[in-house]
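Here's the structure we're looking at; comments come further down.
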Protein chains: 2
Amino acid sequence: MATDGPRAGRPRDNRVDAAIVAATRELLAEVGYAGLTMDAVAARAGVGKAAIYRRYSTKPEVAFAAAVHGVDLRPPGDTGSLLGDLTALAEVIVGHLSNPAASRALMSLLGEIGNDPELTRQFLTTFVEPEVAGNAELLQRAVDRGELAEMPDVELFHSAFGGAVMAWLLVHHRPPKGFPERLARFMHAALTGDT
Amino acid sequence: MATDGPRAGRPRDNRVDAAIVAATRELLAEVGYAGLTMDAVAARAGVGKAAIYRRYSTKPEVAFAAAVHGVDLRPPGDTGSLLGDLTALAEVIVGHLSNPAASRALMSLLGEIGNDPELTRQFLTTFVEPEVAGNAELLQRAVDRGELAEMPDVELFHSAFGGAVMAWLLVHHRPPKGFPERLARFMHAALTGDT
DNA sequence: CTGGTTCCGGAACTCGTAGTTTCGTATTTT
DNA sequence: AAAATACGAAACTACGAGTTCCGGAACCAG
């Protein structure tokens, strides 16, 4: 499915795309997902609602696009040790989810998942698959280094790692100073048996 | 805050309470939280909407009450070993969240949390606090047995344990056979350093 | 330059749902 | 008996998601 050539008619204005994403991010941070209205997004962006629905088909999709915008999920490179890699990964995840707009949007989207198959597909391909692949690389490096005797259960590890951050933020709203290091040590112990 | 004595006027009908909860649970399982309408709950329960709003003030509260109904969060008693206790706890949590109605309701409610302070308070006192207390007991027993050298970080443990189940169900929808045991061994390793 | 197509902001519109109110009636306490 | 609260049913209000139409602008092919 190659990209279509230039379609007939007036092309879409990139600034409209940017304005929609920016307005959505601002409003998500200010009023949260439940308080987010498409009329408000259109007004803030200085855009007609039709322009929004030309790009996205539902409100959750708009919020998803805004929350994901600019997120790079690839884990940082090799730090030379498993604990270092885990800490770096934790810092990246916590860093993203500490952004109130991203965090609130994501939590709300989790509620929509299971009701909206298309959204579920986007969530899986955009978040879960790259994350699992990144985790697998990270763990494989540790095996190659000899830090791990055998390849651990990547899916379980992924759920435990990401779920821990999610659950913590759900309860405490903010990660305390040093949280990534604590989490990394916890997961390191689970993998290697060293405390 | 003692319970008030009998108020004047006609008392509330217990069967109405039960019918509302039952209808909500059924509909949650059938159409999910997003598809749940208060009119449908009232119709299914054979009840006026006013009777519902006399008991709950918002839709999320109704869903919360229905999802929580009958849930006993106290961890099962002492099995004699940390690994046994962890396995039993995992089985209870996974068992509850495998119920589609409870799972879908809970996921959706997570999205509302952060937007609704009253709901957040209910969530914390109903779920988080008893869970953390139960985890603390479980870990303290392990310390007393000598299985753990010192008391671990209970809050981190709680987030990692519950978050892992949440995240797994979010991605995979169903816990596979043996999932509680795998999770319990993972957490056991994180705590003790034994793999 | 012209006609066809797609875009733009703006506004009006439809439709569904949360939550409130009202009505006539039933059940309880004082 | 009177006051208070409950009940089912239905009408009602308020508001937001998503659609459609407008006049006008930007692009492509001929």
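Note that these values count all heavy atoms, side chains included, but never hydrogens, waters or copies made by symmetry. Quick note on labels: first sequence line is chain A, next is B, and so on, each numbered from 1.
Protein atom CG of B:D39 is 13 Å distant from nucleotide atom C1' of D:dG8, rounded to whole Å. Atom CG in B:N14 sits about 13 Å away from atom P in D:dA6, given to the nearest Å. One can place CZ of A:R15 at 12 Å from C1' of D:dA25, the figure rounded to the nearest angstrom. The interatomic distance linking B:E61 (CD) with C:dG19 (C1') rounds to 13 Å, in whole Å. Straight-line distance from the NZ atom of B:K49 to the C1' atom of C:dC23: 16 Å, rounded to whole Å.
The closest side-chain donor-acceptor pair between A:E129 and A:T125, if any, does not fall under 3.5 angstrom. Residues B:Q140 and B:D144 have side chains that bring a donor and an acceptor to within less than 3.5 angstrom of each other.
Among C:dC8, C:dT27, D:dC27, the nucleotide with an atom closest to any side-chain atom of B:R10 is C:dT27. Listed nucleotides: D:dC7, D:dG8, D:dA4. Nearest to the side chain of B:A8: D:dA4.
Between A:R12 and C:dC7 there is a side-chain N or O to OP1 or OP2 distance below 4.0 Å.
Checked by atom type and distance alone, the side chain of B:R44 never pairs as donor or acceptor with a backbone atom of B:T24 at under 3.5 Å. Judged by distance alone, with hydrogens and angles left aside, the side-chain atoms of B:R141 form no donor-acceptor pair with the main-chain N or O of B:T79 at under 3.5 Å. Checked by atom type and distance alone, the side chain of B:E147 pairs as donor or acceptor with a backbone atom of B:L82 at under 3.5 Å.
For B:H69, the NE2 atom counts as loosely surrounded, since its 6.0 Å shell holds 12 or fewer non-hydrogen atoms of other residues, nucleotides or ligands.
Taken residue by residue, residues 27-37 of chain A places heavy atoms nearer than 4.0 Å to DNA chain D at A:L36, A:T37. Near-neighbour residues of DNA chain C inside residues 50-60 of chain B, defined by a heavy atom below 4.0 Å, number-ordered: B:A50, B:Y53, B:T58, B:K59.
Closest non-hydrogen pair, B:A190 versus A:A189, comes out as O-CB, 3.4 Å.
Of the charged side-chain nitrogens involved, none lies within less than 4.0 Å of a carboxylate oxygen, so that B:R12 and B:D17 do not count as a salt-bridged pair.
Taking the nucleotide of DNA chain C with the nearest heavy atom to each of A:D13 and B:G9, the more 5' of the two is matched to A:D13.
Judged by a 6.0 Å distance limit and a 45° cone about the ring axis, B:K59 is positioned over the six-membered ring of B:Y33.
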